[in-house]
Amino acid sequence: MSENSACIVQAIGLSKQVPSGGQSLAILRNVGFAVGAGEAVAIVGASGSGKTTLLGLLAGLDTPSSGRVLIQGADLFALDEDARAALRGRLVGFVFQSFQLLPALTALENVMLPMELVGARHARDAALSLLARVGLADRMHHYPKQLSGGEQQRVAIARAFAGNPALLLADEPTGNLDPETGESIADLMFQLNREQRTTLLLVTHDEALSQRCHRRLRLHGGVLLADERI
Amino acid sequence: MSLNGFPLAAKLLLRDWRSGELRVLAAALVIAVASMATVGFFADRVERGLTVEANRLLGADLVGVFDRPPPLSWSQEAHRLGLRTNATVRFPSMAVHGERSLLVDVKAVDPGYPLRGALLLAPAPGGAADVARGIPKPGTVWVEERLLPRLGIGVGDAVGLGEARLKVAGILVREPDSGTGLSFLGPRILLNAADLPATGLIQEGSRIQYRLLVAGPIGAVERFRDWASALLAAGQRIEDIREARPEIRGALERAERFLGLASLVAVALAGVALALAARRHLQRHLDACALLRCWGASQSRILGLFAQQFLLLGLVAGLLGVLLGLAGQQALGLLLRELIATDLPAPGPLPALQGMTMGLVLLLACVLPPLIALSKVSPLRVLRRELGFPGMGGVAAYGLAGACMAGLILWEAQDASVGGWVLGGMAGLLAAVSGLGWLFLRLTGRLAAEFPLPWRFGLANLRRRALGSVIQMAALALGIMALLLLTLVRGDLLASWKGTLPADAPNQFLVSIQADQLQPLRAFFAGNGLAAPVFHPMVRGRLVAINQRPVSSADYADDRAKRLVDREFNLSWSRQLQDDNRIVAGRWWKPEEADRRLLSLEEGIAQTLGIRMGDSLTYDLAGTRIELKVSNLRQVDWDSFRVNFFAMTPPGVLEGFPVSYVTSFHLSRAAAGVMDRLVRDFPNVLAIDVAATVARVQEIMDQVARAVEFVFLFTLLAGVAVLYAAVGATRDERVYEAAVLRTLGASARQLRAAQFAEFFAIGMFAGMLAAVGASVTAYVLSSQVFHLPFRFNPWLWVTGPLAGGAGVAAAGWLATRGGMRHPPLWAFRNAA
């Protein structure tokens, strides 16, 4: 696949080994694929298949043993850690299985924080409108521990979309939620994905969730077994 | 990077504060600054107050001493600086009544005398003394009581002084500057300077000492001292209390050390509390940092954001601490007003500034290492929570933090030796605790199988958190050690100090005793039911050469050195070293070294005159030269009021020279009449009464002891803060674990027992180490810093482990009680 700008993420020959008991354990082996703008792609596989490691590498949170990741054409690992961080700040949003809301901040403040970090004006207004869109306008002054799991994840999604990212990476976004709540969270993510033309890349072992994506990358034992269009 | 850093940092700080995240850290910082500022303010005021108090013994803040009338420019300059002055004239003379005459010490004063302190006056011998208003009216004198029986007169009778006859109008019980300067010639006669011309005693060639007393605001006195020091000519010198009275100087210096030590321990403890609180605070921000990294914040950005937050926190908490310190010292001042007879001067602005600065430096030192570690947090933590705290903050960060802390302690100590001992003690203790703590964990691991389940679980917990447990034990040991030092050792030290000047400290000196009077004097003492004191032989001589090179005062720039060379030395001999002397170089002579021409020199005088071990000193003793080799240097406790000599030889060296004897002894107030009889029976013996001075020094010691105890109270608070922070350091984990165990079916009783086991074990072990540390510290402080006899306190070894175990168990129960009471789900939700 060519390195063109319509392609948001591109993984080329990605491998990751970690030392384990004096030997080297391969978690990812020569994984390669490309994701286009506005696409929704699920990375699926059993526990230990390397899904989360792959996501970490795609976000530049970890470094590969070999291979490259291009984000909008920029070679992620040719950059230093701070430059990777800056690139993430510009282009990437995150949703985590464990929500990762800051316990000391209210829902509103949690959504505002990434915007405040880059000195965005009207952070509060933007955060308020995002909270309204995820249906939590009336809970904005509540702290995470005062919210249910589904509500916390909705705050996390509002926060992920706050910077208007080109790429949203989600790690088991419904993994900690009951099926019904998970369903509504998925609805919300896909709705925002459509409305904001955000590329969605999510790790899940929830078949139903992966069915809603445009493509499914299946990992097994660190190897990309299949790249299926749905 | 955007430029919106500071407002953002402020916003984040405010949010943290609102959610209660910052309270422990802020409280630790406020306690730190408040205790430093309180101690700073109060010590500053007490020190200045004590100086004023001591100056009452001088009758002024500074005295110019002249052998002819003081130049007019001196009083003009003093007045220009807003200072008050008063001139006095002192000289020896004969007082006459009928057939009897007596050598007296005359002092003529101007209205306004004294500038500091007060004259105590009684209307008749044995009458109630009261503060005198003004000075003797013209034509009258106030005299010391002991003058009356010797001249056979009473109050109202006239006494002849030169050509004048003056009426005795009162009994002088105490005068502020009784013992300073001139030799003690005889009883005092105080007269109005207006009568001086009529006596006709002021003539060319008379032995007269003119004194210009100066007093006023401290700053102005300092400026005046600088001005006058530059102009000093021959026959002129400046006296202040520290130069004039070595025994008072000793008391003041020890007082300053005690107060300095109190604030020093507060700083060190506050640092430990802060370090623990800061580490916990930053640990709770790990996720936030990982997220920030995830969102594109660089390491430096994160470092900057947190640093700004801490700066803000430091400023706000520092300000609060300073205000609290100000209130605290005010309360102390009020509380102590009855105890400290001195009106404390108003607090100066310097301690406030120092408190703020020190608070910030302390915060920097405590926060930097975990902060740098925090900025290195892997963003991968957002995906993998199991990635823990990113190790150490780097050698440089710890180095800088250590340097900051060391700098603070040395600065606060104002004394390299005290600061060094405290620093070394802390470092040693931390190293020892780490090593022993590790051993302790290993040992309990082996023995654990023998314990019941809750203990097994509690001890297993300790091992699982090995690093955390060792840090906790170290902090607790330090905290308990400080508390032990403050409660037990402080008392011992103060008692030792007061012990150096016991109630029966010598208060009478007898000088110029002739050899043939020794036997009759011993008989006199026995006849009056008193133990005979030790009579020290004394030979007068002038130092004429060092290493065969003639020496003169012109060789020295230092004033004290010039005076020492110009005047005669009192040499003495002794077989044994006096027990308040300590050899600091060389060794005392052996019995077989009698007759050898050796010399033992006081350390200070050797330093002043640049004399080293092995030098040979030539003395001129009544026309005969003798060369002596310096074989040891002695440190002398001048505060003891016992007879001491700068220069001593073995027996058999000086015996052939003209010798007189000198002694000192304690005489109770009730036995005062003995001195009159003694002076009558041995008219040539010079009796010097220093009872008033000894009593004043004892009073000062009492006041200092009280002030120190109050100042230590604040240090105590810092110690409690350490305990709280140390227990709180593992609070989150414990609450979470308890929730897990309760979910698994553990009963509340089992949990409490496991927790008690854990805290009690930590506390007892820390208490044991603290007892060791406190004993060693007490020994070092006694012997190296305060030069006091060491008192071993066995209670340390009982109180340390028991109070440590019980105290930490109680504190642990209090700190985790809230978390335990909530249902497990609450704990899970609140888990950071």
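Computed from a predicted structure; not experimentally measured. A, B, ... follow the sequence lines: proteins, then strands. Residue 1 opens every chain.
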Hey, can you tell me if B/F306 and B/F310 have their rings parallel, tilted or perpendicular (30° and 60° cut-offs)?
tilted
Are the side chain of A/D171 and the backbone of A/Q97 linked by a donor-acceptor contact shorter than 3.5 Å?
no
Derivation of the salt bridge (charged side-chain N to carboxylate O under 4.0 Å, His left out) call for A/D82 and B/R293
CA-CA 9 Å; A/D82 279 344; B/R293 297 282 287 147; 3.3 Å; yes
Name the option with the most non-hydrogen atom pairs under 4.5 Å to chain B; the candidates are A/V203, A/V92, A/L113.
A/L113
Option in A/G93, A/P165, A/A83, A/G89 with maximal non-hydrogen atom pairs under 4.5 Å from chain B
A/G89
Less than 3.5 Å apart, which donor and acceptor atoms pair up between the side chains of residues 48-57 of chain A and the rest of the protein, not counting sequence neighbours?
unit_1	atom_1	unit_2	atom_2	d
A/S49	OG	A/A46	O	2.7
A/K51	NZ	A/G45	O	2.8
A/K51	NZ	A/A46	O	3.2
A/T53	OG1	B/R384	NH2	2.8

What part of B/L292 is in contact with chain A, defined as an atom under 4.5 angstrom from a non-hydrogen atom: side chain, backbone, both or neither?
both
